Amino acid sequence: MDNFSVSMMNQATPAADAAQTMGFQAEVKQLMHLMIHSLYSNKEIFLRELVSNASDACDKLRFEAIDQPALLEGFGDLHVRVDFDKAARTITIADNGVGMSRDEAVANLGTIARSGTREFFSKLTGDNKKDAQLIGQFGVGFYSSFIVADKVTVRTRRAGAAADQGVVWESDGQGEFTIAALERAERGTEVTLHLRADEDEFLNGYKLREVLRRYSDHISLPVEMLKEEWDKDKSEQVKTAEWEAVNQANALWTRSKSDITDEQYREFYKHVSHDFDDPLAWTHNRVEGRSEYTQLLFIPKHAPFDMWDRDARRGVKLYVKRVFIMDDAEQLLPSYLRFVRGVIDSADLPLNVSRELLQESRDVKAIREGSTKRILSMLEDLAENNKDAYATFWAEFGQVLKEGTGEDAGNIERISKLLRFASTKQGTDAQTVTLADYVAEMKEGQDKIYYVTADSYTAGSNSPHIEIFRKKGIDVLVMWDRVDEWMLSHLREFDGKQLVSVAKGGLDLEALADDEEKKHQTEVAEQFKPLVERLQEALKDRVKEVRVTLRLVDSPSCVVVGQNDLSPHLQRMLKAAGQAAPDVLPVLEINPEHALVARVQAASDETFNDWATLLFEQALLADGSQLPDPTAFVKRVNQLLLA
């Protein structure tokens, strides 16, 4: 019962035999209050959460006992037991798993030190229905006890510890808990819920069995209750002294797919992920050949709060021959699939496998490659046959999937077909356009895929760089996710078509220009050569080059960088992250048809430098860059307006 994803609270441990009253972490108090008021319509999940924790505790003991058999204390028959007492109005969930020490009980039952905690609480709305969904994504575990109980008592002893090292923990959920030493012969943990006055429905063997079968049938350990028989004299069911298994007690992933219902798959997902919502999709396969393993993998509907936390635990549960090995075997899947939940059970790995061995194992490499391909196939099926579900997936995990273009060169073609983008023709920031869609809609003579990166869809779709494309009816993909620049450094082409930034280099639009446009371009380049030279001299310390362009329609000027230079958008992101970015002098392009350029051309020598600077700084602002001296810019604009 020790798997609550929390860390040790920094408090001094009192003498072993002393009772102590301690305060809950503030977030724990808030979480319990929210559960009681938001999850009242789904009360029975407390049983799923507590049985799931008890099962995890047994799995952990089984794993630790591989190297330390003495931890089993001569009794290796692991189980979870559920009992109720009508007279005392209690329900007890007990396991003979790994148990907890005093320090572990304080940490696991009194604090939440989970990544994403602050973000979780900031997103709460006060709407019970919406908050219930958020709580489900965050996970509640042990604290779900207080949905139905007004007092909870935990008795526990760490496997391998002496009998006098037991611990009793108790709280009414109102802000404090007490913890004291306990003489306890049995290892493991026993959680007793003292039910609230209106929770009598759970003081019923039939009800508890029905809930346990629904939520815990997939657990590989037996979940037991005392057998009940009909007593004619009392005209009611009475408990016997015999324990019986309520669930099937075999690992769900070992069963044939034809023997498992969709509902059982959904409940198993909730068991391994501690999510309240159903999964979006799943895949269940037994792989034989060079490596033999079973995979049961799920795609969630919602991103976890810690998805972007580098220190968060990742990965699926690893079993070897149905023996639990570890919770977060991140080596079994690439980082860009870190949102996947589930189980992989290997028949080839040794039981004492370490994380170091996982990194070097050929079997692990085969599992990783096979599982990655299976997940990509699942996503391809969603994208093709369930577009609404894939749209849900993309909204939650699209940015993570983009990482795969750089992390998984072997599957980049498959990943690129799963990507979704917004575009200028589409007119909204909805990311629904595939690269295949874009290629299919390309204009005659167009041989490149054009894109623009910006801080937002609005900024990108209004960028001066796309004016000529809009005029000619050419679509431009708009990208503003932080990962896009990194993705584009690896995704250079699709279906033989090069991806080209509209804000880099001298765009080759000759294939899309008619003879008259080409002739006009040559003429204006010669006509404006003196102005270009004057601008080049005035801005020599701030630009690499000045040139005439026909890419502009409504704007007087824009800045571009070389084809191999960092884009201004990427430079801004690096600087915002505190990283050094090389100084890149941009190229200033001017629109010969614009009235402001004509005004600059006619400026006197006294004001020309101010007009040139204004033309350049306007271009920087339109590109999303910040000016080094905004005050000087405002003063310059005012002077020119009043001149």
Side-chain angles (χ1 to χ4, degrees), residues 123 303 308 391-392 394-402 419-435 437-438 441 443 448-489 491 499-505 507 509 549 551-561 565-577 581 586-591 594 596 614-628 630 633-634 637:
K123 288 189 175 183
W308 301 106
T392 298
W394 184 258
E396 295 291 324
F397 304 109
Q399 292 190 55
V400 186
L401 188 64
K402 288 178 181 179
L419 302 178
R420 298 291 184 268
F421 303 97
S423 77
T424 53
K425 273 190 179 179
Q426 183 185 20
T428 73
D429 62 359
Q431 296 182 351
T432 59
V433 179
T434 68
L435 292 174
D437 293 337
Y438 183 97
E441 296 294 323
K443 289 183 69 74
K448 295 180 176 64
I449 298 171
Y450 294 107
Y451 69 85
V452 61
T453 58
D455 296 327
S456 67
Y457 175 80
T458 301
S461 60
N462 291 323
S463 169
H465 301 105
I466 67 170
E467 290 175 0
I468 187 64
F469 295 91
R470 185 175 282 116
K471 178 181 177 181
K472 290 182 172 294
I474 300 172
D475 203 7
V476 177
L477 300 177
V478 184
M479 306 184 194
W480 64 92
D481 289 337
R482 295 181 68 84
V483 70
D484 285 336
E485 293 276 6
W486 185 82
M487 172 194 72
L488 290 163
S489 68
L491 184 63
L499 272 74
V500 174
S501 169
V502 299
K504 282 190 175 185
L507 283 177
L509 297 175
T549 184
R551 84 168 84 210
L552 298 172
V553 177
D554 301 316
S555 300
S557 60
C558 69
V559 288
V560 299
V561 294
D565 290 334
L566 295 182
S567 71
H569 180 242
L570 180 55
Q571 291 179 54
R572 291 194 296 272
M573 286 199 302
L574 290 173
K575 289 176 181 176
V587 173
L588 176 66
E589 295 191 343
I590 59 172
N591 177 4
H594 200 280
L596 184 60
L614 176 65
L615 200 64
F616 173 63
E617 291 184 338
Q618 275 192 349
L620 289 177
L621 288 172
D623 194 51
S625 299
Q626 289 186 333
L627 299 181
F633 171 78
V634 173
V637 170

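Every value quoted in this text rests on a predicted model; they were computed, and no experiment measured them. Numbering of residues begins at 1 and proceeds along the displayed sequence.
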* To do: Answer whether the closest heavy-atom distance between the side chains of Y450 and I474 falls below 4.5 Å.
  => yes
* To do: With rounding to the nearest 0.5 Å, note down the distance linking NZ in K471 to CG in L552.
  => 11.0 Å
* Atom pair OG/CZ of S463 and R470 - distance to nearest 0.5 Å -> 9.0 Å
* Partners passing side-chain contact (heavy atoms from CB on, under 4.5 Å) against A391 (at least two apart in sequence or in another chain) -> none
* What is the minimum heavy-atom distance between S456 and A459, and which atoms define it? -> OG-N, 3.1 Å
* Asked: Between the side chain of N462 and the main-chain N/O of T458, is any donor-acceptor distance below 3.5 Å?
  -> yes
* How about F633 and L614: do any of their side-chain heavy atoms sit closer than 4.5 Å? -> yes
* **Exam field: side chain E589 to backbone C558, donor-acceptor pair closer than 3.5 Å** => no
* Asked: Are any non-hydrogen side-chain atoms of V560 and R551 less than 4.5 angstrom apart?
  -> yes
* To do: Please report the closest heavy-atom contact between A619 and L588, naming both atoms and the distance.
  => CB-CD1, 4.1 Å
* Asked: Can you list every salt bridge (Lys or Arg N to Asp or Glu O under 4.0 Å) pair that touches residues 420-434, not counting sequence neighbours?
  -> none
* Asked: Excluding sequence neighbours, so at least two apart, what forms ring pair (Phe, Tyr, Trp, His ring centres under 6.0 Å) with F421?
  -> none
* Y451 vs L488, side chain to side chain contact (heavy atoms under 4.5 Å, CB included): CA-CA, chis, key distance, verdict -> CA-CA 10 Å; Y451 69 85; L488 290 163; 3.3 Å; yes
* **Heavy-atom closest contact (V553 atom, E467 atom, distance)** => N-OE1, 2.6 Å
* To do: Over all heavy atoms of both residues, which pair between V452 and G460 is shortest? Give the atoms and the distance, please.
  => CG1-O, 3.8 Å
* side-chain contact (heavy atoms from CB on, under 4.5 Å) against S625, all qualifying residues, sequence neighbours excluded -> P568, R572, L620, D623
* Distance from L615 atom CG to H594 atom NE2, nearest 0.5 Å? -> 9.5 Å
* Test ring pair (Phe, Tyr, Trp, His ring centres under 6.0 Å) applied to W480 - qualifying residues, sequence neighbours left out -> Y457
* Asked: Hey, are the side chains of D475 and E441 touching, using non-hydrogen atoms and a 4.5 Å cut-off?
  -> no
* Asked: Rounded to the nearest 0.5 Å, what separation is found between the CD1 atom of I468 and the OG1 atom of T549?
  -> 8.0 Å
* **Value rounded to 0.5 Å, distance of CG in L477 from OG1 in T453** => 11.5 Å
* Structure fact -> With sequence neighbours left out, the residues meeting side-chain contact (heavy atoms from CB on, under 4.5 Å) with Q399 are W308, D481, V483
* Asked: How about L491 and L419: do any of their side-chain heavy atoms sit closer than 4.5 Å?
  -> yes
* Structure fact -> Distance col, row I449:CD1 vs S423:OG, nearest 0.5 angstrom, shows 12.5 Å
* Is a side-chain N or O of H465 found less than 3.5 angstrom from the main chain of V559, in a donor-acceptor match? -> yes
